[in-house]
Number of protein chains: 2
Amino acid sequence: MTLKSGPPGNSKAQMIVEDVRRRIVDREWQQGDRIPDEAELAVEFGVARATVNKALQILAEEGLLDRKRRAGTHVTVNPARKATFTIPIVREQVESAGMAYSHRVVAQKRSPAPPEIASRMRLPEGAPLIHLRTVHMGDDQPFQVEDRWINPAAVPEVESVDFRQVNANEWLVRHAPYLRADLTFSAENANARDARLLDTRQGHALLIMQRTTWNDLGAITSVRLSFYPGHMVTTDH
Amino acid sequence: MTLKSGPPGNSKAQMIVEDVRRRIVDREWQQGDRIPDEAELAVEFGVARATVNKALQILAEEGLLDRKRRAGTHVTVNPARKATFTIPIVREQVESAGMAYSHRVVAQKRSPAPPEIASRMRLPEGAPLIHLRTVHMGDDQPFQVEDRWINPAAVPEVESVDFRQVNANEWLVRHAPYLRADLTFSAENANARDARLLDTRQGHALLIMQRTTWNDLGAITSVRLSFYPGHMVTTDH
DNA sequence: CAGTGGTCTAGACCACCCA
DNA sequence: GGGTGGTCTAGACCACTGG
């Protein structure tokens, strides 16, 4: 068999990905089955082994295949598949919804790390940090409350920035690339301050996204985003 | 320069990934800068161009680099980076927390698709579906409420399964591989039924995860998971 | 149109690990 | 020990697009 030229999957590797995925979805190859090895598939598809290898690695990353040396390639039994989503930049998010973006810094001060933040950033309790609280708005309606801690030890230039004038989110994105990030979703009832800042009722369920980033000097920033009630976060397609 | 053999990054491509990422984090290459082309880097690192290509493609997928033919490779200006997380299997999640898993099917019946579900599954309103409501428990405490709609048109075998005996989550995972999935996070105040099933107060903020999957025959299933208050979902590292 | 990334190939050697 | 995937290479041709 050769690759069907069908409604193009573009590259040969991509076409093999789609063909193999289809065989799995159609249960032609069932969960747990061992599939032919790379050399056989290379002959079947009429391509080099490296091309088959690339395709199967993509499917393995997706979680559809399990690959082991000597044991061969098997269809995953419990395909606990992965989802990806893009970490949004608030301003772009607001503007892509057709609204005018603005933000307001509610508080900015130096402050020693409280226990919870220190643990999340893996810093000693009481480490000197900068604490910011910002409201992000679309068409002057509150959209998201940002509660951010920044570690000057990891980003020395931050000392001289006035975040009342520059959006912290974007300044950090441009000046402090990170190596590693943690991201957590949860839900909380709006407390009095959240409710006031978001212009909503106390007790309303809020989607909370917490993110901490690190570079080689340590934690850069830890931020807790509270979204306006009803907001949804969706994975990429 | 050749690759440092350092505290192994394993493969050459992976070492190049780490070296380039470090140059960006150290701001040796700044946002917007054009970096040397593949051929130059291949010489610098002492490897074949294909190896550099693989490394740079990984960094481009991560969102750190922008690559265009003829224009070359640039450091992304707004690195809206991606996060991935693994879609959990409830039972494994409970058991990995050291608790005994059990589940209870609260309701199972055939039911025409209500408007919201039909739209989410891209089916005509009123399409014949199977509706399941299940409570998942750890050590006999409610952990998650699952509200699931299954489309027999996409998974004919489902007609003969008794989900009181078999966990729907796992049965589907094993018998109905999917091609595409949607995933959405939001927060809602517990309604009376959620509160009763989760053994908590009405109004408590719940993290909601909604997922819909498709194969080539159409939507397979759409499920709405309500987590016990305080639950967090975290990305992979 | 020419420089750059995208992809493929044939071959090679290696690393792992099951039998 | 031997079969399998993991990776690399040198070279080639192509596709896109910026100058």
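Here is the naming used below: chain letters follow the sequence lines, and residue numbers restart at 1 for every chain.
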Residue pairs, two or more places apart or on separate chains, that pass salt bridge (charged side-chain N to carboxylate O under 4.0 Å, His left out) and touch residues 49-64 of chain A: A:R21-A:E62, A:E38-A:R49, A:E62-A:R81
Set of ring pair (Phe, Tyr, Trp, His ring centres under 6.0 Å) partners for B:F227, sequence neighbours left out: B:H231
Side-chain (A:D37) to main-chain (A:A39) donor-acceptor, under 3.5 angstrom: yes
Which residues share a side-chain contact (heavy atoms from CB on, under 4.5 Å) with B:T76, sequence neighbours left out: B:D66, B:P79
With sequence neighbours excluded, residues passing salt bridge (charged side-chain N to carboxylate O under 4.0 Å, His left out) with B:E92: none
Test side-chain contact (heavy atoms from CB on, under 4.5 Å) applied to B:R70 - qualifying residues, sequence neighbours left out: none
Between C:dT4 (C1') and B:I35 (CD1): distance, integer Å: 12 Å
Exercise answer: donor-acceptor pairs, residues 97-105 of chain A side-chain atoms, under 3.5 Å, sequence neighbours excluded:
unit_1, atom_1, unit_2, atom_2, d
A:Y101, OH, A:H136, ND1, 2.7
A:Y101, OH, A:N167, ND2, 2.8

Boundaries of the DNA chain D segment in contact with chain B, non-hydrogen, under 4.0 Å: D:dT7 to D:dG19
Members of residues 54-66 of chain B that approach DNA chain C, where some heavy atom sits under 4.0 Å away: B:Q57
Partners passing salt bridge (charged side-chain N to carboxylate O under 4.0 Å, His left out) against B:D33 (at least two apart in sequence or in another chain): none
By ring pair (Phe, Tyr, Trp, His ring centres under 6.0 Å) - contacts of A:H74 (at least two apart): none
Set of residues satisfying side-chain contact (heavy atoms from CB on, under 4.5 Å) with respect to B:T84, sequence neighbours excluded: A:T84, B:D236
Each nucleotide N or O in nucleotides 17-19 of chain C that has a protein N or O under 3.5 Å away: list the pair and distance.
unit_1, atom_1, unit_2, atom_2, d
C:dC18, O2, A:R70, NE, 3.4

